[in-house]
Amino acid sequence: MRGEFVDLAGVRVYCHAFGSRGAGEPLVLVHGGFTSSHLWQDLLPRLPKGHRVLVMDLLGHGRSDPPGNALMTVRAHAARLAQLLDVMGVPVASLVGHGMGAAIVTCFAHHYPERAAQLALVNPSFLAAETRDVIMTGRTARVAALVPLWRRLSPGWLASALHSAILPGYAHRDLGARSLDVHLNAFRSRDGRDAACAQLSAMRASRNEPTVALQPGGIHCPVTLAVGALDPWLTVARRDRLAAALEAATSPHPCTVHELAGVAHMAPEEAPDHLGAIIAAMLARPPQHTPK
């Protein structure tokens, strides 16, 4: 796996290239808030051959630069994703997003319909058709409310608070504790703390903004939805509303729903075999997107 920093209008995003070029369209993996490209490490060897795979660290996460004055909204992350694919010479791709990353790739597919072949949305958060469903988890919302305090404290305090807020997203807490030590390492410096504060503030400001991409006809490619049955942040009712919104948004293209038994929010780490099979089935479908 090869990694490089890619300059995007004055900020650098770290991107890994995995796999090899083949007959299949490239595949792009986008993690969510306060994780990193490390999220996909067990999934990568389970992906089908013949696809160029790009794995990015979102701005302010992993090895990517702190944001500085750059925006950290879902829309801004999606715009940087488009810039990254321009630089990497990828005109069209299938995209997989986890958590907030699912909202990012959905936003990308809405604003750049000619570039999204199909989407896999894994345990989506910040992706909803109704305002009541655009939520932050209780613990994360409490962390976000204290951003002015975190900015004055040692970075380790915020990293520890995020660790406690995210850990319930793992069905296997030992795995979660180890993974979060890696994901949150980027936020243990002063620049990292400020990046985390910027991301928390952007998420908090977006709580009352339903995703425009989920309006009927807003997505012009097939969508696969994969949700952990034990995800504490996606109730059955919210999951059903999201599936219905996606079906309307993608029509006449298919929206396929998978439930991952025994899996909580962090499906790429907890169920890489199952998720790899789901993505392989998605990639085996012939292209069906209809750019508008």
Side-chain angles (χ1 to χ4, degrees), residues 1 16 18-19 22 24-33 35-56 93-106 109 116-127 166-180 182-183 221-236 238-240 242-244 246-247 250 253-286:
M1 184 163 60
H16 304 276
F18 184 85
E25 286 175 334
L27 180 66
V28 180
L29 308 182
V30 182
H31 67 83
T35 58
S36 68
S37 56
H38 177 78
L39 181 82
W40 309 106
Q41 68 169 3
D42 292 330
L43 176 68
L44 288 170
R46 293 164 168 85
L47 295 175
K49 308 300 181 185
H51 293 268
R52 180 187 183 196
V53 182
L54 299 180
V55 187
M56 67 180 298
S94 296
L95 302 107
V96 181
H98 172 263
M100 187 181 74
I104 292 169
V105 300
T106 303
Q118 48 197 334
L119 305 179
L121 310 177
V122 185
N123 294 88
S125 53
F126 264 73
L127 182 61
I166 299 170
L167 187 59
Y170 288 87
H172 306 283
R173 298 301 176 91
D174 289 344
L175 168 65
R178 293 193 301 271
S179 292
L180 287 174
V182 176
H183 294 315
C221 65
V223 169
T224 296
L225 174 64
V227 180
L230 304 181
D231 190 329
W233 304 316
L234 283 172
T235 64
V236 173
R238 184 182 177 209
R239 200 179 307 168
D240 289 345
L242 178 58
L246 283 168
E247 185 174 357
T250 60
H253 301 296
C255 176
T256 307
V257 180
H258 299 270
E259 183 176 87
L260 307 175
V263 177
H265 185 70
M266 297 297 187
E269 294 179 305
E270 295 191 315
D273 286 318
H274 195 170
L275 187 57
I278 289 170
I279 294 172
M282 177 189 79
L283 294 174
R285 292 195 301 246

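Keep in mind that the numbers below use all heavy atoms, side chains included, and drop hydrogens, waters and symmetry copies.
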*asked:* Applying side chain to side chain contact (heavy atoms under 4.5 Å, CB included) to I279 and L43, what does each step give before you reach the verdict?
replied: CA-CA 10 Å; I279 294 172; L43 176 68; 3.9 Å; yes
*Taking the side chain as C-beta and beyond, is there a heavy-atom pair between T224 and H258 under 4.5 Å?*
yes
*Find the distance between CG (L242) and SG (C255) and round it off to the nearest 0.5 Å.*
8.0 Å
*Of all heavy-atom pairs between V30 and W40, which one has the smallest distance, and what is that distance?*
O-CZ2, 3.4 Å
_Does any part of the side chain of R173, heavy atoms only, come nearer than 4.5 Å to the side chain of L167, both counted from C-beta?_
yes
*Is the shortest heavy-atom distance from the side chain of L121 to the side chain of V105 under 4.5 Å?*
yes
*For the pair L39 and M266, evaluate side chain to side chain contact (heavy atoms under 4.5 Å, CB included) and give the outcome as yes or no after the intermediate values.*
CA-CA 8 Å; L39 181 82; M266 297 297 187; 4.1 Å; yes
*asked:* If I compare all heavy atoms of P124 with all of V227, which pair ends up nearest, and what's the gap?
replied: CD-CG2, 4.2 Å
_Residues that H183 engages under side chain to side chain donor-acceptor pair (under 3.5 Å), provided they are two or more places apart_ = S36, E269
_Quick one, C221 and L119 - any side-chain contact, counting heavy atoms below 4.5 Å?_
yes
_Please enumerate all residues that pass side chain to side chain donor-acceptor pair (under 3.5 Å) together with E270, with sequence neighbours excluded._
none
*State, yes or no, whether a side-chain contact exists between R285 and T256 at a heavy-atom distance under 4.5 Å.*
yes
*Is the closest side-chain heavy-atom distance between V55 and H31 below 4.5 Å?*
no
_Taking P26's backbone N and O only, do any of them form a donor-acceptor pair with H51's side chain (distance below 3.5 Å, no angle check)?_
no
*Check against side chain to side chain contact (heavy atoms under 4.5 Å, CB included), S37 and L29*: CA-CA 8 Å; S37 56; L29 308 182; over 6 Å; no
*Tell me, please, which residues at least two apart from T250 pass side chain to side chain donor-acceptor pair (under 3.5 Å).*
none
_Test of understanding: with side chain to side chain donor-acceptor pair (under 3.5 Å), list the residues that count as partners of R46, not counting sequence neighbours._
D273
_Applying side chain to side chain contact (heavy atoms under 4.5 Å, CB included) to M282 and S94, what does each step give before you reach the verdict?_
CA-CA 9 Å; M282 177 189 79; S94 296; 4.2 Å; yes
_Enclosure of Q41 CD (heavy-atom neighbours >12, cutoff 6.0 Å)_ = yes
*Considering non-hydrogen atoms only, spot the tightest contact between A171 and A264 and give its length.*
N-CB, 3.4 Å
*What's the shortest heavy-atom distance between P272 and P268, and which atoms?*
CB-O, 3.7 Å
*What heavy-atom pair brings A93 and L95 nearest, and what distance separates the two atoms?*
O-CD1, 3.6 Å
*Any residue meeting ring pair (Phe, Tyr, Trp, His ring centres under 6.0 Å) with H265, in chain and number order, not counting sequence neighbours*: H98, W233
_Those residues that, when tested against A267, pass side-chain contact (heavy atoms from CB on, under 4.5 Å) (two or more places apart)_ = V122, N123, L260, V263
*Contact summary for E259 and H274, nearest pair of heavy atoms*: O-CE1, 4.0 Å
